[in-house]
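We count ligands from 1, going down the list as the structure has it; atoms in each ligand are counted the same way.
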Amino acid sequence: MGVLDSGVGGLSVLVHLRVLLPGEHLIYFADQAHIPYGPRPPAEVRAYTAAITRFLLGRDAKLIVVACNTATAAALDHLRQTFPDVPFVGMEPAVKPAAQTTRSGKVGVLATPSTLNSHRYADLMARFAGGITVFEDACAGLVQLIEAGALDAPETRALLQRVVGPMLAEGVDTLVLGCTHYPFIRPLLHEIAGDGVTIIDPAPAVARQARFVLQQRQLAAPDDQTGRACCFTSGRAEQLAAFALRLTGLKCDAAAVVWRGDDWVGTS
Ligand code: DGL
């Protein structure tokens with residue numbers, strides 16, 4: 001199974017896939033040469049993710065998890081059209097579970113600019129946010145801090161306080177992690193928001209959906225198979241492997257993929 005993100009964020013999904021599907025081989029792709037995707041025009045994200053999909057299919061991925069809200073918003077429809085035989089599982093901010101959870105009727109969504117500006121997000125809001133008030137923030141700079149491993153740094157704390165402080169003052173009691181990088185700052189967010197605030201991470205639901213699609217298409221690995229995990233990055237391989245170990249406890253071989261323009265040209 002292929003799993004893709006702009007960087008380390010999708011590892012927050014990979015870890016749930018590993019637990020739920022221990023027999024599946026997992027191939028993770030972090031497009032760290034092009035991170036962040038959040039401020040990029042959707043057409044660029046479509047080109048990158050299509051190239052990554054070709055790469056993963058070339059390594060026998062039977063299903064692709066787009067473990068990135070931004071890439072799902074920009075590219076999922078395009079990927080499904082371009083690769084009609086390939087099953088894709090995407091992800092989007094958990095507005096529906098948040099609307100079901102909130103008691104104050106006030107919800108905060110933390111995502112990226114591109115996710116918040118997308119048609120997909122507008123559609124989600126129209127369908128599920130009718131009776132609630134939603135406060136949004138594009139968390140400028142947060143993805144970069146997380147990529148740099150600054151999970152508990154003073155700048156990260158200050159940024160989160162700036163973002164969620166006003167939401168909490170408005171009475172928000174539910175926060176949605178609308179970017180796969182954000183589960184890695186969940187402990188810090190919890191510390192700032194306090195016990196009365198529910199934080200929703202859609203990653204476990206995405207892993208369950210991936211398992212469902214595999215079973216439905218009869219693509220699941222045989223029961224006696226032990227799944228392997230390997231990682232590829234368009235950035236630095238040893239850095240990604242170290243991050244994966246630190247954040248998820250998963251040991252995986254990592255290799256670098258070389259890009260020219262909008263496409264990859266090989267591994268190094
Ligand atoms: N991890 C990605 C997401 O879920 C976004 C990070 C980026 O901006 O590249 O939206």
Side-chain angles (χ1 to χ4, degrees), residues 2-17 28-53 64-79 88-95 98 108-122 124 136-151 156 159-160 163 175-186 189 199-207 209-210 231-235 239-240 243-244 247-248 259 262:
V3 182
L4 69 88
D5 181 44
S6 57
V8 299
L11 293 171
S12 67
V13 178
L14 191 82
V15 78
H16 290 281
L17 289 166
Y28 186 78
F29 196 113
D31 191 9
Q32 292 173 304
H34 303 118
I35 196 166
Y37 277 0
R40 286 184 185 277
E44 266 180 32
V45 176
R46 284 196 280 277
Y48 295 145
T49 51
I52 294 166
T53 298
I64 309 277
V65 178
V66 182
C68 176
N69 295 261
T70 308
T72 298
L76 188 63
D77 294 342
H78 173 75
L79 292 173
F88 286 93
V89 172
M91 58 196 300
E92 49 197 12
V95 173
V109 176
L110 314 184
T112 68
S114 174
T115 298
L116 294 174
N117 290 330
S118 65
H119 294 303
R120 219 169 233 279
Y121 182 72
L124 207 57
E136 291 144 357
D137 200 292
C139 303
L142 185 55
V143 164
Q144 292 90 324
L145 284 168
I146 294 168
E147 280 290 313
L151 305 184
T156 314
L159 189 153
L160 286 178
V163 167
L175 290 170
V176 172
L177 303 179
C179 167
T180 52
H181 280 72
Y182 301 168
F184 295 124
I185 45 88
R186 187 178 183 150
L189 193 57
I199 300 173
I200 302 185
D201 172 11
V206 172
Q209 177 64 13
C231 294
F232 293 92
T233 175
S234 50
Q239 206 178 344
L240 178 64
F243 212 105
L247 289 181
T248 67
W259 283 67
D262 273 358

Task: Heavy-atom side-chain proximity of Phe232 to Ile52 below 4.5 angstrom - done: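 Side chain of Phe232 against side chain of Ile52, heavy atoms only: no contact under 4.5 Å found.
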Open item on the list: With a 4.5 Å cut-off on side-chain heavy atoms, are Leu177 and Leu189 touching?
Closed with: yes
Going by the order shown, which atoms of ligand 1 are within less than 4.0 Å of some heavy atom of [X]?
X      : result
Thr180 : 1 (N), 2 (C), 3 (C), 4 (O)
Asn69  : 3 (C), 4 (O), 10 (O)
Thr112 : 5 (C), 8 (O), 10 (O)

Just to confirm my output: which protein heavy-atom neighbour is closest to [atom], and how far is it?
atom                    : result
atom 8 (O) of ligand 1  : Gly38 N, 2.8 Å
atom 6 (C) of ligand 1  : Ser6 OG, 3.4 Å
atom 10 (O) of ligand 1 : Thr70 OG1, 2.6 Å

- [ ] Could you tell me whether some N/O pair between Asp5 and ligand 1 is separated by less than 3.5 angstrom?
- [x] yes
Task: Gln32 and Thr233 side chains, donor-acceptor separation under 3.5 Å - done: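 Distance-only check passes for Thr233 and Gln32.
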Task: Phe88 and its side-chain contact (heavy atoms from CB on, under 4.5 Å) partner, picked from Val65, Ile64, Thr49, Thr72 - done: Ile64
TODO: Taking Arg46 for its side chain and Ala74 for its backbone only, find out whether a donor-acceptor pair lies under 3.5 Å.
DONE: yes
TODO: Heavy-atom distances under 4.0 Å are what count here, so tell me which part of Val143 touches ligand 1: side chain, backbone, both or neither.
DONE: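 The part of Val143 near ligand 1 is the side chain, not the backbone.
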Task: Side chain, backbone, both or neither: the part of Cys68 lying under 4.0 Å from ligand 1 by heavy atom - done: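 Near ligand 1, Cys68 shows its backbone as well as its side chain.
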